[in-house]
**Q** 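Here it is: the structure, laid out below.
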2 protein chains.
Amino acid sequence: MVDKTYTISDLAQEFGITTRTIRFYEEKGLIHPLREGQKRLYNAADRVRIKLILRGKRIGMTLQESVDVIDMYDPSRNNTQQLHSLIDTIARRRAKLIQQKKDIDDMLAGLDEVQELCEKSLGKRRRKT
Amino acid sequence: MVDKTYTISDLAQEFGITTRTIRFYEEKGLIHPLREGQKRLYNAADRVRIKLILRGKRIGMTLQESVDVIDMYDPSRNNTQQLHSLIDTIARRRAKLIQQKKDIDDMLAGLDEVQELCEKSLGKRRRKT
DNA sequence: AATTACGTTGACGCAAACGTAAGCTTGAAT
DNA sequence: ATTCAAGCTTACGTTTGCGTCAACGTAATT
């Protein structure tokens, strides 16, 4: 792949967000697109960061939390101290995610029940007609 | 159970939130505690609603979304029209939840990778000493 | 009587995550 | 030459979800 780039509206369209949102992410230091003249030019890495930020948003993370997670992939941590601290951070994040999965499963189970009641109720009505 | 009731600080403590938060939920119409004189008195149903609201929050739902989900359990929907509409709503919510689970699994997989790299790096260092 | 603990009602404050509008530039198309 | 879409900056506005006083009431304790 020959260093594919994207305009701001390319990415806005792809992800279903506004250009304002993308510029806002830059304002907050979440991405750092290059410039071609005055225009922003996004590369594959920028695109992935946005994708991961949006994934974080979908599960209720703040922008900063998403960035924190993304930055875990950054291998610029070298000393033992930092590595241990990173492992702790990962453990905490993992615990949160597992709780979230449980919450989701609980809610899904609830929806199943409600749906059954709905269908039972509709079934009765059909039988009546 | 003889209609157990709770004070505002009972619930605040149990759920690790502030009394301000609970009053805020009431302000927004999410709960409707009785009054004993001037003081709020919460029953089991109020307590469950708060619990479900907090569960919603953990997976990134807004307060209103949580309430919408909670209200699905309310069996005061009778006509066929409403039941079909409710089934649609459930389907959409279920789809969202399933996407969230996928997002969480993806993120967990990412954390696994990062952790392995961490431990590999720490392992090397131990071998050096 | 005074302190302490817990409760109440305003009311203002605040961070997060954008929306929205104004006004200017720039390159491409008619 | 002009129009038009797409981009830019600046800046104020909005919603959500509480935090944080202030000022007061009530009930039990010392």
Side-chain angles (χ1 to χ4, degrees), chain A residues 4-43 46-47 49-71 93 96 99-100 103, chain B residues 4-43 46-47 49-71 93 96 99-100 103:
Chain A
K4 182 158 190 184
T5 61
Y6 309 84
T7 71
I8 193 167
S9 44
D10 285 344
L11 295 182
Q13 250 203 317
E14 174 176 0
F15 293 121
I17 58 182
T18 67
T19 59
R20 170 68 176 107
T21 297
I22 296 180
R23 288 192 201 98
F24 176 75
Y25 290 167
E26 183 178 349
E27 242 179 87
K28 292 284 148 175
L30 310 191
I31 42 181
H32 311 282
L34 293 174
R35 295 292 178 123
E36 183 187 55
Q38 192 174 27
K39 297 191 175 176
R40 292 169 172 82
L41 211 54
Y42 301 84
N43 62 23
D46 296 324
R47 181 174 163 283
R49 283 183 78 87
I50 294 179
K51 197 169 191 167
L52 295 183
I53 290 167
L54 297 178
R55 182 184 71 181
K57 278 192 54 178
R58 283 196 300 272
I59 59 175
M61 293 172 59
T62 67
L63 299 183
Q64 191 51 57
E65 282 174 329
S66 283
V67 168
D68 290 348
V69 169
I70 292 169
D71 286 349
R93 177 60 59 191
K96 271 196 190 183
Q99 173 67 50
Q100 284 186 293
D103 287 330
Chain B
K4 181 157 192 184
T5 61
Y6 310 84
T7 71
I8 193 167
S9 45
D10 284 345
L11 295 182
Q13 248 201 317
E14 173 176 0
F15 293 121
I17 58 183
T18 67
T19 59
R20 170 69 177 106
T21 297
I22 296 180
R23 288 193 201 97
F24 176 75
Y25 291 167
E26 183 178 349
E27 243 180 87
K28 291 285 148 174
L30 311 191
I31 42 181
H32 310 282
L34 294 176
R35 296 292 178 123
E36 182 188 56
Q38 193 173 26
K39 298 190 175 177
R40 292 168 172 83
L41 211 53
Y42 301 84
N43 61 23
D46 296 324
R47 181 174 162 283
R49 281 183 78 86
I50 294 180
K51 196 169 192 166
L52 295 182
I53 290 167
L54 297 178
R55 182 183 73 182
K57 278 192 54 179
R58 283 196 299 272
I59 59 175
M61 293 172 59
T62 66
L63 299 182
Q64 191 50 58
E65 282 175 328
S66 283
V67 169
D68 290 348
V69 168
I70 293 170
D71 287 349
R93 177 60 59 190
K96 270 197 190 181
Q99 172 66 52
Q100 284 187 291
D103 287 329

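A note on names: the letters A, B, ... follow the listed sequences, proteins ahead of strands, and every chain is numbered from 1.
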**Q** May I have the distance from B:L63 (atom CG) to D:dT15 (atom C1'), rounded to whole angstrom?
**A** 12 Å
**Q** B:F15 has an atom CZ; how far is it from atom C1' of D:dG17, in whole Å?
**A** 18 Å
**Q** Short of 4.0 Å, heavy atom to strand atom, which residues of residues 20-39 of chain A count as contacting DNA chain C?
**A** A:R20, A:T21, A:F24, A:Y25
**Q** Do any side-chain nitrogens or oxygens of A:S9 fall under 4.0 Å of OP1 or OP2 in D:dG7?
**A**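 So the side-chain polar atoms of A:S9 do come within 4.0 Å of the phosphate oxygens OP1 or OP2 of D:dG7, strictly under.
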**Q** Is B:R40 near enough to C:dT8 that one of its side-chain N or O atoms lies under 4.0 angstrom from OP1 or OP2?
**A** yes
**Q** Might you confirm whether atom CD of B:Q13 has over 12 heavy atoms from other residues, nucleotides or ligands at distances under 6.0 Å?
**A**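 Check fails, neighbour count at 12 or below.
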**Q** To the nearest 0.5 angstrom, please state how far the CD1 atom of B:I8 sits from the CZ atom of B:R20.
**A** 10.0 Å
**Q** Could you check how far CG of A:L11 sits from C1' of D:dG7, rounded to whole Å?
**A**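 Rounded to the whole Å, the gap is 14 Å.
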**Q** Return the value, rounded to whole Å, for the distance between atom CD1 of A:I50 and atom P of C:dA17.
**A**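 Between P of C:dA17 and CD1 of A:I50: 15 Å.
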**Q** Strictly below 4.0 Å, heavy-atom distances to any atom of DNA chain C: list the hits from residues 52-62 of chain A, or just say none.
**A** A:K57, A:T62
**Q** Please report, to 0.1 Å, the donor-acceptor pairs under 3.5 Å made by any side chain of residues 56-63 of chain A, with sequence neighbours excluded.
**A**
unit_1 : atom_1 : unit_2 : atom_2 : d
A:R58  : NE     : B:D103 : OD2    : 2.6
A:R58  : NH2    : B:D103 : OD1    : 2.8
A:R58  : NH2    : B:D103 : OD2    : 3.4
A:T62  : OG1    : A:Q64  : N      : 3.4
A:T62  : OG1    : A:E65  : N      : 3.1

**Q** Measure the CD1-CD1 distance between A:I53 and A:I70 for me, rounded to the nearest 0.5 Å.
**A**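 A:I53 CD1 to A:I70 CD1: 5.0 Å, rounded to 0.5 Å.
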**Q** Quick one: is D:dG7 close enough that its OP1 or OP2 comes under 4.0 Å of any side-chain N or O from A:T7?
**A**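 Result: yes.
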**Q** A:R23: which residues meet the side chain to side chain donor-acceptor pair (under 3.5 Å) condition with it, sequence neighbours left out?
**A**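 With sequence neighbours excluded, A:R23 shows a side chain to side chain donor-acceptor pair (under 3.5 Å) to A:T19, given in chain and number order.
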**Q** Can you check the A:L41 CG to D:dC8 P distance for me, whole Å?
**A**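 Between P of D:dC8 and CG of A:L41: 10 Å.
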**Q** Should A:E26 and A:R35 count as an ion pair when the cut-off is N to O under 4.0 Å?
**A** yes
**Q** Looking across every strand, which nucleic acid part, if any, lies under 4.0 Å from A:T19 by heavy atom: base, sugar-phosphate, or nothing?
**A** nothing
**Q** Nearest 0.5 angstrom please: B:T5 OG1 to B:Y42 OH, how far?
**A**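 One finds 11.5 Å between OG1 of B:T5 and OH of B:Y42.
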**Q** Rounded to the nearest Å, what distance is computed from the CD1 atom of residue A:I8 to the P atom of nucleotide C:dT26?
**A** 18 Å
**Q** Have a look at B:I22 and tell me which of B:I50, B:L30, B:D46 forms a side chain to side chain contact (heavy atoms under 4.5 Å, CB included) with it.
**A** B:I50
**Q** Rounding to a whole Å, what distance do you find between B:D10:CG and C:dC6:P?
**A** 11 Å
**Q** If you round to the nearest 0.5 Å, how far is CG of B:L11 from OH of B:Y6?
**A** 7.5 Å
**Q** I need the A:F24 CZ to A:I17 CD1 distance, nearest 0.5 Å.
**A**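 Interatomic distance, A:F24 CZ to A:I17 CD1, rounded to 0.5 Å: 12.0 Å.
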**Q** Please round to 10 degrees the angle between the axis of the first five pairs and the axis of the last five pairs in the helix from C:dA1-D:dT30 to C:dT30-D:dA1.
**A**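 It comes to 10° between the two terminal axes.
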**Q** Identify, with sequence neighbours excluded, every residue that meets salt bridge (Lys or Arg N to Asp or Glu O under 4.0 Å) alongside B:R55.
**A** none
